[in-house]
Amino acid sequence: PPGNPSPLGGFPPPLGDGYPQNEAEDEELYALEPDDIYNDGDDELYTDGEEVIIPGYLPHITSRVQAEDILRQNQSTECFLVRDSTNSKEQYPHVISMKGRGNSFEHTRLGIRPNGRLAIGTAKVGETTHANLAELVRYHQVTPMNLRGRNVLLRNPVTPY
């Protein structure tokens, strides 16, 4: 059921192309929640004997302070990690934490939608949703997410230490 974590973050198989699945879903209006995330590295999760790699996923890192310390140590100008959330875990199970130019940091929550799919921030009309965390991260490594009016790619995932 949505909101209950599984080895892949509690997300069911894909339901389509990532767009609203019906008219009612398409007509709902939501506000964008501004938060940024950068990720680097490969942690491994297993499901049904298949290896799933989620770039930058560090499940043992939960706080902003821990995330910023790790990002600060990374030599890349821009980098990111994905961590488990400490607040509102049922609705927002993960956070993307990013380091930008000048050692600035941004943190963006990843929310579970009513249909069980995962997306950036709070729900928005026309947003792209994802079946699981690995799919979301890989998608935003090649397709920018709009954060506070800026197009941001997930670059340079932090590797686990």
Side-chain angles (χ1 to χ4, degrees), residues 2-14 18 32-113 116-124 127-161:
N4 292 334
S6 76
L8 284 178
F11 307 103
L32 173 66
E33 170 137 355
D35 277 325
D36 292 353
I37 304 173
Y38 281 80
N39 184 338
D40 188 291
D42 293 334
D43 267 0
E44 298 172 2
L45 298 178
Y46 295 87
T47 178
D48 299 329
E50 291 186 32
E51 183 177 325
V52 176
I53 298 188
I54 303 172
Y57 181 50
L58 303 177
H60 57 284
I61 303 302
T62 56
S63 76
R64 283 180 179 233
V65 172
Q66 288 176 309
E68 290 176 5
D69 285 346
I70 289 170
L71 293 168
R72 195 174 288 113
Q73 294 170 27
N74 192 291
Q75 298 300 313
S76 299
T77 303
E78 296 178 342
C79 58
F80 76 97
L81 64 82
V82 179
R83 60 188 172 89
D84 291 338
S85 180
T86 55
N87 299 314
S88 305
K89 288 182 177 186
E90 290 292 314
Q91 188 176 3
Y92 298 101
H94 305 289
V95 175
I96 297 175
S97 296
M98 298 183 281
K99 177 179 83 170
R101 290 183 173 84
N103 271 343
S104 62
F105 301 99
E106 295 190 55
H107 307 271
T108 298
R109 297 186 300 177
L110 305 179
I112 295 178
R113 302 303 180 249
R117 294 177 63 85
L118 186 67
I120 302 292
T122 57
K124 305 158 271 312
E127 71 182 354
T128 300
T129 61
H130 306 275
N132 56 51
L133 185 57
E135 181 183 295
L136 180 143
V137 170
R138 289 189 186 115
Y139 178 83
H140 287 295
Q141 287 183 300
V142 295
T143 305
M145 55 186 139
N146 185 321
L147 299 172
R148 297 189 186 112
R150 296 175 295 126
N151 289 324
V152 178
L153 281 174
L154 294 178
R155 298 182 183 157
N156 306 313
V158 172
T159 52
Y161 51 91

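- Expressed to the nearest 0.5 Å, how far OG1 of Thr77 lies from CZ of Arg155 amounts to 10.5 Å.
- In the model, Glu68 has a side-chain atom that pairs as donor or acceptor with a side-chain atom of His107 under 3.5 Å.
- Interatomic distance, CG of Asp84 versus NZ of Lys89, reported as 7.0 Å (0.5 Å rounding).
- Considering every non-hydrogen atom in both Arg113 and Thr129, the closest pair reads CG-CG2, 4.0 Å.
- To the nearest 0.5 Å, atoms CZ (Arg72) and CZ (Phe105) are separated by 4.0 Å.
- Side-chain atoms of Ser97 and Arg83 form a donor-acceptor pair, as typed in the model, at a separation below 3.5 Å.
- Listed by chain and residue number, Tyr139 satisfy the side chain to side chain contact (heavy atoms under 4.5 Å, CB included) test with Thr143 (two or more places apart in sequence, or in another chain).
- Between atom CZ of residue Arg64 and atom OG1 of residue Thr86 there is a gap of 8.5 Å, rounded to the nearest 0.5 Å.
- Taking every heavy atom of both residues into account, Leu154 and Met145 meet most closely at CD2-CE, 3.3 Å.
- Heavy-atom minimum distance, Tyr92 versus Ser85: O-CB, 2.9 Å.
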**OP:** Determine, stepwise, if the pair His140 / Ile120 fulfils side chain to side chain contact (heavy atoms under 4.5 Å, CB included).
**Re:** CA-CA 10 Å; His140 287 295; Ile120 302 292; 3.8 Å; yes
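- The distance from atom CZ of Arg117 to atom CD of Glu127, rounded to the nearest 0.5 Å, is 10.0 Å.
- Judged as a side chain to side chain donor-acceptor pair (under 3.5 Å), and not counting sequence neighbours, Gln73 has no contacts.
- With rounding to the nearest 0.5 Å, the separation of CD1 in Ile70 from NZ in Lys99 is 12.0 Å.
- Considering every non-hydrogen atom in both Pro93 and Leu118, the closest pair reads CG-CD1, 4.5 Å.
- The shortest heavy-atom contact between Thr159 and Leu58 is C-CD2, 4.4 Å.
- The side chain to side chain contact (heavy atoms under 4.5 Å, CB included) test applied to Val65 returns Ser63, Asp69, not counting sequence neighbours.
- In this structure, the side chain of Asn156 engages the main chain of Glu78 through a donor-acceptor pair within 3.5 Å.
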Subject >> Worked check of side chain to side chain contact (heavy atoms under 4.5 Å, CB included) between Asn132 and Ile54 >> reply: CA-CA 10 Å; Asn132 56 51; Ile54 303 172; over 6 Å; no
